[in-house]
*Asks:* 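Just dropping this structure here.
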Amino acid sequence: DAGVIQSPRHEVTEMGQEVTLRCKPISGHDYLFWYRQTMMRGLELLIYFNNNVPIDDSGMPEDRFSAKMPNASFSTLKIQPSEPRDSAVYFCASSFVGTHSAPNEKLFFGSGTQLSVL
Amino acid sequence: DAKTTQPNSMESNEEEPVHLPCNHSTISGTDYIHWYRQLPSQGPEYVIHGLTSNVNNRMASLAIAEDRKSSTLILHRATLRDAAVYYCIRVNYGGSQGNLIFGKGTKLSVKP
């Protein structure tokens, strides 16, 4: 399996522009997570889905951020309009329900998208 | 609040064992201890987890104190590829599902 695939690997944009980050989870995984990593705040969960349905979006910073999962093999995180403070590395992760009937027993992360908003 | 305490950084020599400590003095009886590591320019990678007993897998060993207030991740023979940030995380499977709370972790440097 190729693992969790994210694109693009790097994104540079100007303030005010729309940014779309993409993620393909591991086939068969029914949970998908979006995390953001910054030097100041470390790794933070933004939102996660179960079977394509958003379960917890309490970590989404504000209305400029939106995430969708139209099918089991694809998710997007969109920022519109983008701001310099959105600059960070965005990670997508996926998992399956394990022996403890929980989705957080083992997360598989992608390599991330390095976003720079100028 | 990560609820775990780790040293900011550690150094090791290649091919020597490394013991990475983690303090979780307020751990509850149902919290598991998970370890992830993050190599440079990569996403976090699962390493190992346990509840009470010591655990071994192909990557590492996890030693959990009898009172469960601390644990140690053991890399038996460090390689240059083990240079990474190591995160110790308390995970409650019945709690806020999905929300792995990462602290700042321990940055491990491996010298040749």
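Computation of the quantities below employed the complete heavy-atom set of this structure, encompassing side-chain atoms and omitting hydrogens, waters and symmetry-equivalent molecules. Order of the sequence lines fixes the chain letters, A, B, ..., with proteins taken first and strands second; residue numbering starts at 1 for each chain.
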*Asks:* Are side-chain heavy atoms of Pro44(B) and Leu107(A) found at a separation under 4.5 Å?
*Replies:* no

*Asks:* Can you tell me how far the OH atom of Tyr32(B) sits from the CD atom of Glu105(A), to the nearest 0.5 Å?
*Replies:* 8.0 Å

*Asks:* When rounded to the nearest 0.5 angstrom, what is the spacing between NZ in Lys106(A) and OH in Tyr36(B)?
*Replies:* 8.0 Å

*Asks:* How many angstroms lie between atom CG of Asn92(B) and atom CG of Asn104(A), to the nearest 0.5 angstrom?
*Replies:* 8.0 Å

*Asks:* Residue by residue, scan residues 109-118 of chain A and write down, ordered by number, those that have a heavy-atom distance under 4.5 Å to chain B; if none do, write 'none'.
*Replies:* Phe109(A), Gly110(A), Ser111(A)

*Asks:* Surrounding CZ of Arg77(B) (heavy atoms of other residues, nucleotides or ligands, distance under 6.0 Å), is the total greater than 12?
*Replies:* no

*Asks:* Closest approach of Met40(A) and Lys104(B), non-hydrogen atoms and distance?
*Replies:* O-NZ, 4.0 Å

*Asks:* Report yes if some heavy atom in the side chain of Tyr35(A) is under 4.5 Å from a heavy atom in the side chain of Leu100(B); otherwise report no.
*Replies:* yes

*Asks:* Does Phe91(A) belong to the same Ile/Leu/Val/Met/Phe/Trp/Tyr cluster as Tyr48(A), with side-chain heavy atoms less than 4.5 Å apart forming each link?
*Replies:* yes

*Asks:* Same cluster for Val91(B) and Trp35(B) if Ile/Leu/Val/Met/Phe/Trp/Tyr side chains link at under 4.5 Å?
*Replies:* no

*Asks:* Got a sec: does the CG of Asn71(A) have more than 12 other heavy atoms crowding it under 6.0 Å?
*Replies:* yes

*Asks:* Sequence neighbours left out, what passes salt bridge (charged side-chain N to carboxylate O under 4.0 Å, His left out) with Arg85(A)? Give chain and number order.
*Replies:* Glu62(A), Glu83(A)

*Asks:* Please determine whether residues Ile47(A) and Leu32(A) belong to a single hydrophobic cluster, defined as Ile, Leu, Val, Met, Phe, Trp and Tyr linked transitively by side-chain heavy-atom distances below 4.5 Å.
*Replies:* yes

*Asks:* With the 4.5 Å side-chain cut-off for hydrophobic clustering, are Ile64(B) and Val47(B) part of the same group?
*Replies:* yes

*Asks:* So, do Gln38(B) and Gln37(A) sit near enough that their side-chain heavy atoms are less than 4.5 Å apart?
*Replies:* yes

*Asks:* Can you tell me if Asp63(A) has over 12 outside heavy atoms packed within less than 6.0 Å of its CG?
*Replies:* no

*Asks:* Taking atom CD of Gln80(A) as the centre, report whether more than 12 heavy atoms of other residues, nucleotides or ligands fall under 6.0 Å from it.
*Replies:* yes

